[in-house]
Amino acid sequence: MLNNIKVGIFDLTDCEGCELEMLNFREKFSDLLEKIQIINWRLAQDNKKWGEVNLAVVEGTPAWNLSQNDDEWEEMDFALIEGTPIKNEEVALLKTIRKHAKNAIALGTCACSGGIPALLDPQKRASAFAKVYPGLKYDSLPAKPISDYIKIDGVIWGCPVNFSDLEKLFTDAITGKIFTNKKYPVCLPCRARQNQCLLLKGKPCLGPITAAGCNAVCPSHGASCFGCLGPIDDANFEAEKNRLKKIGLTDVEIKNQFNTVWRNI
Amino acid sequence: MKPIYSEYITKIEGHGLLYFDFAKNKANFEVAEGERLFEQLVLGRTPEEIPFLVARICGVCPTAHHLAAIKAMEKIFKIEPTETTVLLRKLLIVAQIIQSHNLHLYFLVLPDYLNLKAGQILANSYPDEFHIAINLKRMADKILETVGGRSIHPVNPVIDGFSKSVTHHQLSELQFDLENVVDDAKYTIDLFSKIKFPIIKNPTQYLALKSKDEYEVYDGPVTSNKNIDFDANSYQSEFTEEIFKNSKAKLAYWRKNPVMTGAIARLNLGYQFLNPQARAKLDALDFQIGSFNTFDNILAQTIEILHLIEEAIKLTSILQKKKLNIEPEPYKTRESHGVAAIEAPRGTLYHYYEVGANGKIAKADIITPTNQMLTNIEKDVEILVADIKKSKSNAKPEEIKAQIETLIRAYDPCLTCSAH
């Protein structure tokens with residue numbers, strides 16, 4: 001059993017829903033904090049560097065230069081990184097986090113695949129930007145998995161991530177392991193919840209090729225699975241596509257179903 | 001002069017930067033969030049998919065975005081949901097506001113006043129307060145899970161109803177649980193009313209939804225403290241949007257004026273409709289309606305939590321006597337457009353969509369409450385800094401910076417929403 005595991009929780013551009021899932025530790029927080037030390041979490045605690053007196057005077061340089069100042073960083077065992085870099089500065093921050101973390105974990109679907117923000121075709125991003133921000137210079141990045149920028153040591157999918165997976169991530173960490181995605185598909189918990197199969201009812205669902213972990217929350221409410229928990233190992237994408245075709249989806253609809261959360265499958 | 005540069009402001013939703021030039025006592029607040037482009041990425045998708053997609057604008061108020069999108073689609077397709085559906089949605093909005101206020105009050109605001117050291121969080125330092133916070137969170141989460149399917153990013157509400165019906169038994173259980181947290185809500189008011197917040201005054205425009213006979217959160221015209229009401233349908237002509245200092249957030253000025261929304265605005269405009277226990281607490285407090293002190297937003301949130309718990313008890317009790325007919329009826333898509341306004345935790349949220357002849361989304365426009373309240377923030381900061389300097393001419397920059405941060409926190413801004 002490992003003690004005093006140092007964890008940083010970071011958010012890039014995103015909705016911050018995954019880090020909020022941390023609060024679901026509720027009463028277990030005190031147990032968690034016996035083993036885990038959260039040393040950097042902007043959303044929930046003051047930053048050590050800027051605690052009381054450590055204000056730096058800088059002339060016209062962006063804050064990023066400060067966050068990249070290596071002396072200011074404490075080494076971490078785990079960095080949980082949520083969201084995806086949209087601003088160029090976020091890539092620099094991401095690299096700094098990587099440098100100071102033994103293990104970098106992509107937290108949530110946005111960090112794993114680009115998620116819903118990556119729905120926007122990268123080719124059309126500049127013109128989409130111009131429509132929303134007329135007159136503003138476009139100098140940002142399309143939403144991409146953080147593994148496009150840094151080497152990562154683990155992923156924890158979910159939109160948002162599921163508390164049970166978060167709990168597992170930490171218990172694994174305490175025993176010196178790194179969390180891995182479930183090896184079985186959404187269909188298992190879905191059947192266990194005695195849902196009628198959406199595909200058999202002629203409705204689209206990515207359950208058969210999506211890793212379990214969400215307790216089949218969408219199909220249990222009659223809603224189609226978009227694969228938030230990531231593709232299962234050895235997923236048979238072709239068979240799934242054929243199935244969707246058979247129930248009457250057009251090629252565009254199949255593409256939409258696959259690419260809402262995943263990319264290029 | 002060299003500006004003091006701070007890192008991201010901690011304990012707010014999203015990424016904000018604060019520059020402070022202490023020779024000139026000039027503070028500069030910037031939104032540092034990357035652009036989200038939700039109004040563009042929904043184009044070409046089906047109306048049914050929109051609530052699922054736009055919920056991802058915000059992890060703190062996803063249910064508000066989800067329901068706003070549903071309401072807009074119902075306007076477009078001329079769908080009238082059943083009374084039960086509307087009551088269940090109100091219950092969801094109530095829970096959403098409680099969940100968000102609770103997060104803000106206990107996890108973002110309170111640490112400032114408990115002198116929590118850097119790196120500490122409430123859980124290991126203040127177990128009693130943490131326990132109350134968790135009780136309230138559990139309650140709000142339970143409603144969102146039971147009725148909405150999930151506490152963050154709902155799955156159950158759909159156009160014209162819900163995929164899955166709650167049961168009368170579940171509603172009665174929720175009512176029982178709600179009655180058990182009334183005291184926690186009262187404790188919250190007592191706790192926060194003991195904190196001595198700075199007093200600043202910045203007369204502004206309060207905006208919130210209004211109804212004739214209740215503390216409105218779901219529908220209605222928009223009302224203001226200027227005796228001007230307007231129909232949410234005309235929001236695009238009421239607000240002018242401009243880009244906030246080359247950031248990816250926009251400011252939404254109302255009739256060219258700054259705006260304040262959220263708990264303080266709702267309470268100022270609708271306090272006469274508070275439920276009895278919340279009203280009694282408000283009357284016992286030294287809370288001045290029309291104070292124009294943004295720090296009062298914190299107390300207003302505590303009052304709202306109690307009021308909304310009473311409201312949720314009422315709603316669950318009424319719903320137990322209703323037929324739970326929430327099955328969506330089939331509808332025909334048509335080429336049209338529609339607006340929905342709803343009270344999100346931070347204020348009135350507007351969603352607008354156009355559906356094309358092909359049945360797909362052709363246009364989308366969203367104004368979030370934070371887009372509106374950002375118009376107010378800099379003036380407030382200036383007033384606060386001037387006040388500090390007046391009362392303490394040798395105030396250290398660190399001190400001033402810390403005070404400004406608490407003011408920005410009092411707004412409870414959602415910067416991820418503001419860069420939607």
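Every chain is numbered from 1, with letters handed out A, B, ... down the list of sequences.
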Taking atom [atom1] of [X] as the centre, report whether more than 12 heavy atoms of other residues, nucleotides or ligands fall under 6.0 Å from it.
X	atom1	value
B:Glu241	CD	yes
A:Lys203	NZ	no
B:Lys363	NZ	no
A:Glu253	CD	yes

When rounded to the nearest 0.5 angstrom, what distance separates [atom1] in [X] from [atom2] in [Y]?
X	Y	atom1	atom2	value
B:Glu33	A:Asp14	CD	CG	7.0 Å
A:His221	B:Phe162	NE2	CZ	10.5 Å
A:Tyr133	B:Leu37	OH	CG	6.0 Å
A:Ser224	B:Phe52	OG	CZ	8.0 Å
B:Ser151	A:Leu20	OG	CG	9.0 Å

Given heavy-atom pairs under 4.5 angstrom as the criterion, report whether the side chain, backbone, both or neither of [X] touches chain A.
X	result
B:Leu41	both
B:Phe38	side chain
B:Glu35	both
B:Leu103	side chain
B:Glu13	both
B:Ile12	both
B:Ser165	neither
B:Ile57	backbone
B:Thr46	neither
B:Asp141	side chain

Part of [X] within contact of chain B (heavy atom distance under 4.5 Å):
X	result
A:Phe163	neither
A:Asn24	both
A:Leu136	side chain
A:Leu23	both
A:Cys110	neither
A:Leu120	both
A:Leu43	both

What residue in [options] has the most heavy-atom pairs under 4.5 Å with chain B?
options	value
A:Thr84, A:Ile116, A:Leu12	A:Ile116
A:Ala223, A:Ala143, A:Cys159	A:Cys159
A:Asp11, A:Leu32, A:Val217	A:Asp11
A:Cys18, A:Ser30, A:Gly17, A:Pro160	A:Pro160

A:Phe129 six-ring centre to B:Lys248 NZ/CZ under 6.0 Å and within 45° of normal: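 Geometry flag: not set, cation outside 6.0 Å or 45°.
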
Hey, is the main chain of [Y] close enough, under 3.5 Å, to the side chain of [X] for a donor-acceptor pair?
X	Y	answer
B:Lys11	A:Arg42	no
A:Glu16	B:Gly14	yes
A:Lys124	B:Gln40	no

query: When heavy-atom pairs shorter than 4.5 Å are enumerated against chain A, which of B:Val42, B:Asn246, B:Val158 gives the highest number?
result: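 If we count pairs closer than 4.5 Å to chain A, B:Asn246 comes out on top.
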
Compare all side-chain heavy atoms of [X] with those of [Y] and state whether any distance is below 4.5 angstrom.
X	Y	value
B:Leu53	A:Thr260	yes
A:Cys15	B:His153	yes
B:Thr10	A:Trp41	no
A:Thr13	B:His15	no
A:Leu119	B:Arg45	yes
A:Arg26	B:His131	no
A:Glu27	B:Phe130	no

- prompt: With a 4.0 Å cut-off, would you call A:Glu21 and B:Arg150 a salt bridge?
  reply: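 No.
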
